[in-house]
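Notes for the one structure printed next.
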Amino acid sequence: MKNYQKYTRQYFPVKDAPMRWTKKEYIEKAPAWCSVDLRDGNQALIIPMSLEEKLEFFKLLVKIGFKEIEVGFPAASETEYEFCRALIEQNLIPDDVTIQVLTQSREHIIAKTFEALKGCKHAIVHLYNSTSVAQREQVFRKSKQEIIDIAVFGAKLCKEYREKTPGNFQFEYSPESFTGTEPEFAAEICNAVIDIWQPSENDKVIINLPVTVSHSMPHIYANQVEYMNDHLNSRENLIISLHPHNDRGCAVADTELGLLAGGDRVEGTLFGNGERTGNVDIVTLGMNMFSQGVDPELDFSNMPELTELYERVTRMQVYDRQPYSGKLVFAAFSGSHQDAIAKGMKFREENDPNHWNVPYLPIDPTDVGRVYEADVIRINSQSGKGGIGYLLETQYGLDLPKAMREEFGYIVKGISDHAHKELLPDEVHEIFLNTYVNIRKPLEYQEIHYVQKNNDQTFIQASLSLTKNGEAYTLKSDGASGRLDAVSNALKAFTGVKFTVQTYNEHALTATSESEAAAYVSIKVEDNIFWGVGIKKDISEASVAALFSALNRYLSDKK
């Protein structure tokens, strides 16, 4: 591409970074989670949420299990202010939930913020100012000391207003554009704020390290977080918070490595909504932990409910391939994938039902409220015999013989390919019924009577009445190996077709005594195989129906 020369690296890597975090294998416990959907997420919407929609979303966040929720910037607009007041005055904030509000380092804004919090049991006051080189030089045109003075001014005012405002307030400070700030200066300005607030074991301060704009690969951010961990005053009384945005598509990786590097807390949004490419997706973060056997301490067990409410109140859409939450993330269209999933599910059921290790599925879809039959095996022209067979077995109780699965798989793929569309389970089932089951033309039997000969249970004589293209006939024949053999011999003599029964399988469709039985028969005529299926209340009738279906398919094919 042209013009790449005009771009320079805008981040400041830590020199001689110790990178102790690389020795850790995984995140061992959930961080403190703070949802910023109602502030950072809301401000990025084309149509911001109404007061009623924000209240509904707040209740959802509480239900999921968030203990810290940023509810807005009360001094920014009347809607933001009224929302904060509504939560407090209507007593909608559970005792174990802390709301968070954002403020700039300006006195009238800080005053309005504390006014909005009157009567609140627990709240976090989040102070911020920009610290990056780009912001200092281009926007504020101030020196480092002048930028520190802004932060210090706001920190002192927050402390003053806390002392004269009833309530329990915790402080948070963000050096906005942290990743575009020299690590030494970021530590210096944070320490200036920390020294004013004087955190203690019972009054910890949150230092938030935002990836306001993502400039670097994730390991650079991890080194920056580790540097702050090593150079902040009163570290034992601090909570290091991470707030990555997704400009480079690395927000999840930034956050995970940042947690390994010493982060204690994460600010993000459901499904990653936020300015530009969005905030870090807390659903993905939490489910990544879940898939490693670590409790994320957030409840995403009803993902369809979450996505429905989110899409309705934000007018945004959860992408079909969004990790864990998209409509198609568990769907397998590929034949080889479907076959592996079907075999993996069966292996798990037979060998280790208490653990999950199914090919192509990192988690059990039912753990997030999804359904195997509707969400996992999806049928189109790319599908294979394994997936189609799995669908028929799990949804309709039809356990097709292996060779028949392959034949039917090609039939379904051909129909889907010709129609250029996905086939729903009921459509696949209907194709199966119409192709194989209880086929009555050109031959249809009316009655069959069996007589056991010479006290030999396997030597049977069959008398059957049938119609061929509406004309009635009566047949009689013997079978040396049972009823199906007797009927088979009668049909060979009547039709003149020299066939042999190659396959016979049977099973009950359900476990109840009233269930129907399914029988599968294949016949070989010359070098060709024809399958038929019989589904009847009686297994003997089902086997005969299957034989007639197979022979009728041959006769129709020949015609």
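When a residue number appears, it is its place in the shown sequence, counting from 1.
Contact annotation: the side chain of Ile124 never approaches that of Ile99 to less than 4.5 Å [non-hydrogen atoms, C-beta and beyond]. Looking only at side-chain heavy atoms (C-beta outward), Glu267 and Asp40 stay at 4.5 Å or farther from each other. In this structure the side chain of Tyr319 never reaches within 4.5 angstrom of the side chain of Phe271, judged on heavy atoms. Residues Asn288 and Glu256 have side chains in contact (heavy-atom distance under 4.5 Å, counting atoms from C-beta outward). Side-chain atoms of Phe330 and Val368, non-hydrogen and from C-beta on, do get closer than 4.5 Å to each other. Side-chain contact between Ser35 and Glu70 is absent, with no heavy atoms from C-beta onward closer than 4.5 Å. Ile93 has its side chain within reach of Ile88: a pair of non-hydrogen atoms, C-beta onward, lies under 4.5 Å apart. Contact check for Ile148 versus Glu188: side-chain heavy atoms found under the 4.5 Å cut-off.
More than 12 non-hydrogen atoms from other residues, nucleotides or ligands lie less than 6.0 angstrom from NZ of Lys204. Within a 6.0 Å radius of CD in Gln145, other residues, nucleotides and ligands contribute more than 12 heavy atoms. Counting heavy atoms of neighbouring residues, nucleotides and ligands inside a 6.0 Å radius, atom CZ of Arg106 does not exceed 12 of them. Dense packing is recorded around NZ of Lys24, with more than 12 heavy atoms of other residues, nucleotides or ligands lying under 6.0 Å away. Within a 6.0 Å sphere centred on CG of Asn357, other residues, nucleotides and ligands contribute 12 heavy atoms or fewer. Within 6.0 Å of atom CD in Glu236, more than 12 heavy atoms from other residues, nucleotides or ligands are found, so the atom counts as buried in its surroundings. Around CG of Asp95, the count of heavy atoms belonging to other residues, nucleotides or ligands within 6.0 Å does not exceed 12. Heavy atoms of other residues, nucleotides or ligands lying less than 6.0 angstrom from CG of Asp16 number 12 at most.
Side chain of Ser177 to main chain of Gly180: no donor-acceptor pair is present (N/O by atom type, distance under 3.5 Å, no hydrogens or angles). Between the side chain of Ser241 and the backbone N or O of Asn208, no donor-acceptor pair lies under 3.5 Å. A donor-acceptor pair under 3.5 Å is absent between the side-chain atoms of Glu311 and the main chain of Glu308, judged by distance alone. A donor-acceptor pair is defined here as one N or O able to donate and one able to accept, closer than 3.5 Å; no such pair exists between the side chain of Arg248 and the backbone of Ser214. At distances below 3.5 Å, not a single donor-acceptor pair connects side-chain atoms of Asn279 with backbone N or O atoms of Gly268. Thr277 places a side-chain N or O within donor-acceptor distance of the main-chain N or O of Asp247, the cut-off being under 3.5 Å. Not one N or O on the side chain of Arg276 forms a donor-acceptor pair closer than 3.5 Å with the backbone of Asn246. Under the 3.5 Å distance criterion, the side-chain polar atoms of Asn191 are left unmatched by any main-chain donor or acceptor of Leu232. Distance alone, capped at 3.5 Å, places no donor-acceptor pair between the Asp417 side chain and the Lys413 backbone. A donor-acceptor pair under 3.5 Å is formed between the side chain of Asp37 and the backbone N or O of Leu270.
Residue Leu38 comes nearest to Glu80 through the heavy atom pair O-OE2, 4.4 Å, listed as atom of the first residue, atom of the second, then distance. The minimum heavy-atom distance linking Met345 with Tyr390 is given by the pair CE-OH, 3.3 Å. Nearest heavy atoms, Thr179 versus Gln224: CG2-OE1, 3.6 Å. Closest non-hydrogen pair, Ser416 versus Lys421, comes out as OG-O, 2.6 Å. The two atoms that bring Thr113 and Ala75 nearest to each other are OG1-CB, 4.4 Å, heavy atoms only. Scanning both residues, Arg162 and Asp203, for their nearest heavy atoms gives NH2-OD2, 3.2 Å.
Between Tyr360 and His337, the ring planes lie parallel to each other; the angle is under 30°, not in the 30° to 60° tilted range. Using cut-offs of 30° and 60° for the angle between ring planes, the Tyr128 and His126 rings count as perpendicular.
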Audit row: Asn129, Glu176, side-chain contact (heavy atoms from CB on, under 4.5 Å) steps and yes/no: CA-CA 6 Å; Asn129 68 306; Glu176 193 201 7; over 6 Å; no
Evaluate the side-chain contact (heavy atoms from CB on, under 4.5 Å) criterion for residues Tyr324 and Ser291: first the C-alpha distance (whole Å), next the side-chain angles of each, then the deciding distance (0.1 Å), finally the verdict. CA-CA 10 Å; Tyr324 303 106; Ser291 71; 3.8 Å; yes
Could you walk me through whether Val280 and Leu285 pass the side-chain contact (heavy atoms from CB on, under 4.5 Å) check? CA-CA 8 Å; Val280 68; Leu285 283 172; 3.6 Å; yes
Evaluation steps, side chain to side chain donor-acceptor pair (under 3.5 Å), between Ser301 and Asp299: CA-CA 6 Å; Ser301 61; Asp299 185 1; 2.6 Å; yes
Let's go through Lys144 and Glu182 carefully: what are the C-alpha distance in whole Å and the side-chain angles of both, what is the deciding distance for salt bridge (charged side-chain N to carboxylate O under 4.0 Å, His left out) to 0.1 Å, and is it a yes or a no? CA-CA 11 Å; Lys144 288 182 178 179; Glu182 309 92 321; 3.8 Å; yes
Between Phe114 and Phe169, is the ring-ring contact (aromatic ring centres under 6.0 Å, His included) condition met? List the steps. CA-CA 10 Å; Phe114 276 90; Phe169 305 116; 5.5 Å; yes
Under the criterion side-chain contact (heavy atoms from CB on, under 4.5 Å), I'd like the reasoning laid out for Leu238 against Ile206: C-alpha separation, chi angles, the key distance, then a yes or no. CA-CA 6 Å; Leu238 301 178; Ile206 300 168; over 6 Å; no
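Annotation: cation-pi geometry satisfied between Lys112 and Tyr81 (NZ/CZ under 6.0 angstrom from ring centroid, within 45° of ring axis). Relative to the six-membered ring of Tyr4, Lys6 misses at least one condition, a distance below 6.0 Å or an angle of at most 45° to the axis.
By the 4.0 Å N-to-carboxylate-O rule, Arg20 lies close enough to Asp230 to be salt-bridged with it. A salt bridge is defined here as a Lys NZ or Arg NE, NH1 or NH2 lying under 4.0 Å from an Asp or Glu carboxylate O, and Arg265 with Glu68 meets this definition. Of the charged side-chain nitrogens involved, at least one lies within less than 4.0 Å of a carboxylate oxygen, so that Arg235 and Asp264 count as a salt-bridged pair. Between Glu305 and Lys63 there is a salt bridge, since at least one side-chain N of the basic residue sits less than 4.0 Å from a carboxylate O of the acidic one. A salt bridge does not link Glu53 with Arg312: none of the charged nitrogens is closer than 4.0 Å to a carboxylate oxygen.
Not less than 6.0 angstrom separates the ring centroid of Phe66 from the ring centroid of Trp33.
In summary, the side chains of Trp21 and Asn223 do present a donor paired with an acceptor at a separation below 3.5 Å, with no hydrogens or angles considered.
In this structure, Glu28 CD and Tyr26 OH are separated by 5.0 Å, a value rounded to the nearest 0.5 Å.
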